[in-house]
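This report concerns only the one structure given below.
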Amino acid sequence: MFHQLEKSIPLEIAARLSQQLQIDAPVQVEQPRDPKFGEFALPIAFQLARQMKQAPKAIAEKLVSAIGTLPGVAALEIAGNGYLNVRLDRARYLASLMQPPAEAAGAESGKVIIEHTNINPNKAAHIGHLRNAILGDTFARMLRASGETVEVQNYIDNTGVQVADVVVGFRYLEKKSLAEVEALSVAPRFDYYCWDLYARTSTYYKDHPDSLAWRAEVLHSIEGGTDEVSRLGHLVADAIVGCHLRTMARLGIVYDVLPRESEILHLQFWAKAFELLKERKALFLETEGKNKGCWVMPASAFRDATRAEEEDVDDSKVIVRSNGIVTYVGKDIAYQLWKFGLLGKDFFYEPLAGFPGVMVSTAEPQPASNSRFGGGQTVYNVIDSRQSYLQDVVVAGLRALGYHEQAAKSVHFSYEMVALTPRTCVDLRIPISEEDAKKAYVEVSGRKGLGVKADDLLDELIATAGREVGARHAEATEEDRRMIATQIAVAALRYFMLKFTRNTVIAFDLQEALSFTGETGPYVQYSAVRAGRILTKLTEPLPDYRSLSPAEIDDIAAELADENLWQLTLSVSKLESALARSIASGEPAHLARFAFQLAQSFSTFYENYPVLTEKNPRKKLLLLWMTDYFARQLRRTLDILGIPVPSFM
RNA sequence: GGGCGCGUAGCUCAGUUGGAUAGAGCAUCAGCCUUCUAAGCUGAGGGUCGCAGGUUCGAUCCCUGCCGCGCCUACCA
């Protein structure tokens with residue numbers, strides 16, 4: 001409701017200024033620093049001061065008389081040195097909250113595709129991957145909550161170097177047969193096994209550079225053939241994908257479709273994209289220098305063109321290597337074209353065994369494959385900021401093909417890495433150098449096997465939450481306590497990953513992440529649980545506020561003369577506004593912060609206004625409604641953040 | 001060298017695209033459970049918004065130059 005007024009009031013004022021004073025200026029709206037100034041502040045007089053060459057205050061006076069009275073607005077005041085402050089009609093506002101008008105169906109805009117998670121299927125997921133998946137999943141929920149059609153894709157690089165390295169480990173270091181690896185792959189924690197093996201293989205390469213030939217050989221087999229090595233690669237990748245999906249499912253994160261790199265290859269996606277790129281002369285065959293024999297994209301395509309010419313260094317990007325094998329970026333261009341429906345090719349799809357509702361790409365035509373994926377109007381790629389250079393190249397590919405509109409709607413939803421504090425490294429017995437110990441944070445490394453595994457972190461969070469639940473609810477069943485502890489752990493983890501804005505490097509601190517007090521997910525959950533508790537304890541049924549007459553609502557609204565109650569009511573009604581802002585800025589952190597503020601507001605309400613014991617019936621009607629409103633808004637906000645609401649805490 | 005980003009309270013971070021007296025959590029200190037659950041609440045202390053210029057009615061925010069830090073700058077991704 002607040003959001004609607006936030007949009008409609010400036011428009012209405014702009015219309016009147018245009019009509020009455022022939023002033024055509026965009027009317028900005030702000031929230032006053034001090035709530036006592038009213039609900040909206042308009043700095044319009046300052047904007048006009050220059051061109052009208054008058055003092056802002058004098059202008060403000062003219063504006064006020066020209067604007068007249070506005071529906072739903074109790075007063076329009078001049079404050080400070082020229083602010084126009086809007087005070088809402090509290091009774092009208094309350095009526096609109098208690099009896100909301102039917103929502104107009106949002107304009108049908110095209111499908112939004114969000115690609116996230118995208119973990120190399122060769123080892124267990126770690127905290128860095130969690131940031132990616134939680135950001136992507138939450139943003140998808142935010143868009144859906146605001147009425148968008150969203151498709152979530154998790155790209156599987158099952159034919160890449162990282163998978164090849166684990167295959168090398170199994171085949172050459174451990175000399176395991178396909179059958180032996182198969183047995184391992186169905187055992188618990190296969191992803192942990194591969195985590196260690198991948199680190200060992202990386203170390204082995206370092207000590208025996210000649211062994212890199214194994215990687216090339218395995219990579220070649222995986223990309224092309226159907227031999228035993230290739231089957232080993234698929235076995236590893238498929239098993240690890242299963243591990244990742246199970247890990248993410250613990251956090252409520254699911255996917256619509258898993259496009260795989262193996263299908264990009266077998267269905268000739270790259271060949272098609274290559275054709276298009278060559279046709280448009282977006283790529284050229286380098287004939288000299290370090291990139292001789294490669295198909296490259298000139299730097300001018302994705303860098304500041306004015307500079308590229310004066311530099312003699314060759315920083316064009318290799319797309320096809322001199323041995324004819326395409327790079328990841330090349331495949332990514334093809335994939336990006338497909339996402340926008342521009343490639344002229346599609347995958348075949350089949351249900352992913354063991355994961356209901358999830359489809360996976362396949363190269364085999366399917367009898368009943370009518371699932372339509374891809375063809376989005378806007379595409380968000382949730383990828384860490386270190387890959388911004390490569391994302392620029394991908395977008396440059398679209399532009400080079402003339403798809404400027406799609407290039408503009410191709411968003412690199414970037415985020416900074418998750419590093420570890422030195423203290424946490426010590427806690428987890430992760431060896432670090434003396435040099436690293438002095439830094440604020442230490443970067444994790446999959447190749448070195450350094451990092452915090454997602455499942456370990458979740459297990460630890462659940463154990464910690466379990467102790468807290470046990471201390472408070474000894475009477476609850478073991479099963480209930482376990483469930484509540486899990487919900488609290490999910491809240492703690494999701495909120496922790498969301499509270500930082502995207503371009504902040506998270507220095508992950510275990511003790512901080514394990515905290516459930518202060519600005520945390522569990523704090524917000526606690527508010528929701530308490531709000532629900534009051535309603536549960538209510539002996540009579542909740543009044544039907546929708547059927548109240550205008551006079552009855554006016555009567556209740558008289559209680560909103562209490563400034564604190566009014567401010568609380570206002571703050572609860574700002575969810576849609578916060579959601580819209582959060583989407584516009586591309587910062588889920590803003591919605592997370594709103595959730596925290598909403599919970600704080602509820603705590604204030606809870607402390608200061610005993611609901612059930614309220615003697616004044618009119619006031620009790622308002623307090624009960626507010627409790628229910630708080631409960632609904634807290635639940636909805638948490639739902640958008642992917643955080644469950646426990647039945648007790 | 002070039003590109004991108006960062007620098008705000010002791011620590012970790014917000015700051016709604018240039019607006020009124022710069023906020024929150026943690027930590028510290030002092031209080032609050034016979035009352036809808038204390039994972040909570042109230043209060044206190046804590047700031048040269050990295051430095052120096054500039055733009056204007058107004059700058060933490062925009063521009064320029066410094067200083068410090070991080071990431072990227074592969075025929076890895």
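It should be emphasised that the depicted structure is a prediction, and the values quoted were computed from it without experimental measurement. To find a chain, count down the sequence lines: A is the first, B the second, and so on, and within it residues start at 1.
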Regarding [X], tell me which of base, sugar-phosphate or nothing describes its non-hydrogen contacts under 4.0 Å with the strands shown.
X: A/Asp157; value: sugar-phosphate
X: A/Leu535; value: nothing
X: A/Lys331; value: nothing
X: A/Tyr328; value: sugar-phosphate
X: A/Thr517; value: sugar-phosphate
X: A/Ala41; value: base

Closest approach to the side chain of [X], judged atom by atom: which nucleotide of [options] is it?
X: A/Glu519; options: B/rC36, B/rA24, B/rA14; answer: B/rA24
X: A/Val318; options: B/rC75, B/rC71, B/rA39; answer: B/rC75
X: A/Thr327; options: B/rU37, B/rA39, B/rA77; answer: B/rA77
X: A/Arg533; options: B/rU37, B/rC13, B/rC6; answer: B/rU37
X: A/Ile488; options: B/rA39, B/rG5, B/rU12; answer: B/rA39

With [atom1] as the reference atom in both, quote the distance from [N] to [M] in angstrom, rounded to an integer.
N: B/rG15; M: B/rA9; atom1: C1'; answer: 14 Å
N: B/rU12; M: B/rG65; atom1: P; answer: 29 Å
N: B/rC66; M: B/rG3; atom1: P; answer: 12 Å
N: B/rG53; M: B/rC13; atom1: P; answer: 30 Å

Mind running a 4.0 Å heavy-atom check of [range] against RNA chain B and sending the residues that fall below it, in number order?
range: residues 593-613 of chain A; answer: A/Arg593, A/Phe596, A/Gln600, A/Ser603, A/Tyr606, A/Glu607, A/Tyr609, A/Pro610, A/Val611, A/Leu612
range: residues 520-530 of chain A; answer: A/Tyr523, A/Tyr526, A/Val529, A/Arg530
range: residues 388-396 of chain A; answer: A/Tyr389, A/Leu390

For residues 573-580 of chain A, tabulate all N or O donor-acceptor pairs below 3.5 Å that involve a side-chain atom, not counting sequence neighbours.
unit_1   : atom_1 : unit_2   : atom_2 : d
A/Ser573 : OG     : A/Tyr93  : OH     : 2.6
A/Ser573 : OG     : A/Leu570 : O      : 2.7
A/Lys574 : NZ     : A/Gln31  : OE1    : 2.9
A/Glu576 : OE2    : A/Arg636 : NE     : 3.3
A/Glu576 : OE2    : A/Arg636 : NH2    : 3.1
A/Ser577 : OG     : A/Glu6   : OE1    : 2.8
A/Ser577 : OG     : A/Glu6   : OE2    : 3.3

Got a minute to check which stems RNA chain B is part of, using Watson-Crick or G-U wobble pairs under 3.5 Å, three or more consecutive?
B:1-7 with B:67-73, B:10-13 with B:23-26, B:28-32 with B:40-44, B:50-54 with B:62-66
By side-chain hydrogen bond (donor to acceptor under 3.5 Å, both in side chains) - contacts of [X] (at least two apart):
X: A/Asn154; value: none
X: A/Thr421; value: A/Thr424, A/Asp509
X: A/Tyr204; value: none

Taking for each residue the nucleotide of RNA chain B with the nearest heavy atom, is it A/Gln162 or A/Thr501 whose nucleotide lies nearer the 5' end?
A/Thr501
Result for 5'-nearest mapping on RNA chain B, choosing between A/Ser647 and A/Gly160, is A/Ser647
Does the B/rA20 base have a donor-acceptor partner in the side chain of A/Asn85 within less than 3.5 Å?
yes
Measure distances between side-chain N and O atoms of A/Arg472 and base N and O atoms of B/rA39, and say whether any donor-acceptor pair falls under 3.5 Å.
yes
Starting at atom [atom1] of [X], determine the distance to atom [atom2] of [N], rounded to an integer number of angstrom.
X: A/Gln387; N: B/rU73; atom1: CD; atom2: C1'; value: 14 Å
X: A/His3; N: B/rU16; atom1: NE2; atom2: P; value: 17 Å
X: A/Lys615; N: B/rC36; atom1: NZ; atom2: P; value: 13 Å
X: A/Phe500; N: B/rA24; atom1: CZ; atom2: P; value: 18 Å
X: A/Asp34; N: B/rA20; atom1: CG; atom2: P; value: 12 Å
X: A/Arg581; N: B/rA14; atom1: CZ; atom2: C1'; value: 11 Å

Does B/rC57 count as syn, meaning its glycosidic angle lies within 90° of 0, or as anti?
anti
Parallel, tilted or perpendicular, judged at 30° and 60°: which one describes the rings of A/Tyr523 and A/Phe596?
tilted
If you look only at pairs with a residue in residues 36-47 of chain A, which of them pass as a side chain to side chain donor-acceptor pair (under 3.5 Å), with sequence neighbours excluded?
A/Glu39-A/Trp566
Check for a donor-acceptor pair, side chain of A/Arg131 on one end and backbone N or O of A/Asp384 on the other, with a separation under 3.5 Å.
no
Excluding sequence neighbours, so at least two apart, what forms ring-ring contact (aromatic ring centres under 6.0 Å, His included) with A/Phe40?
A/Phe2
Just to verify, what does A/Tyr389 make a ring-ring contact (aromatic ring centres under 6.0 Å, His included) with, not counting sequence neighbours?
A/Phe302
Side-chain donor/acceptor pairs under 3.5 Å, residues 619-628 of chain A, sequence neighbours excluded:
unit_1   : atom_1 : unit_2   : atom_2 : d
A/Lys620 : NZ     : A/Leu612 : O      : 3.1
A/Thr627 : OG1    : A/Leu623 : O      : 2.7
A/Asp628 : OD2    : A/Arg632 : NH1    : 2.5

When the aromatic ring centroids of A/Phe500 and A/Tyr415 are compared, is their separation below 6.0 Å?
no
Phosphate contact (B/rA20 OP1 or OP2) by A/Arg33 side-chain N/O below 4.0 Å:
yes
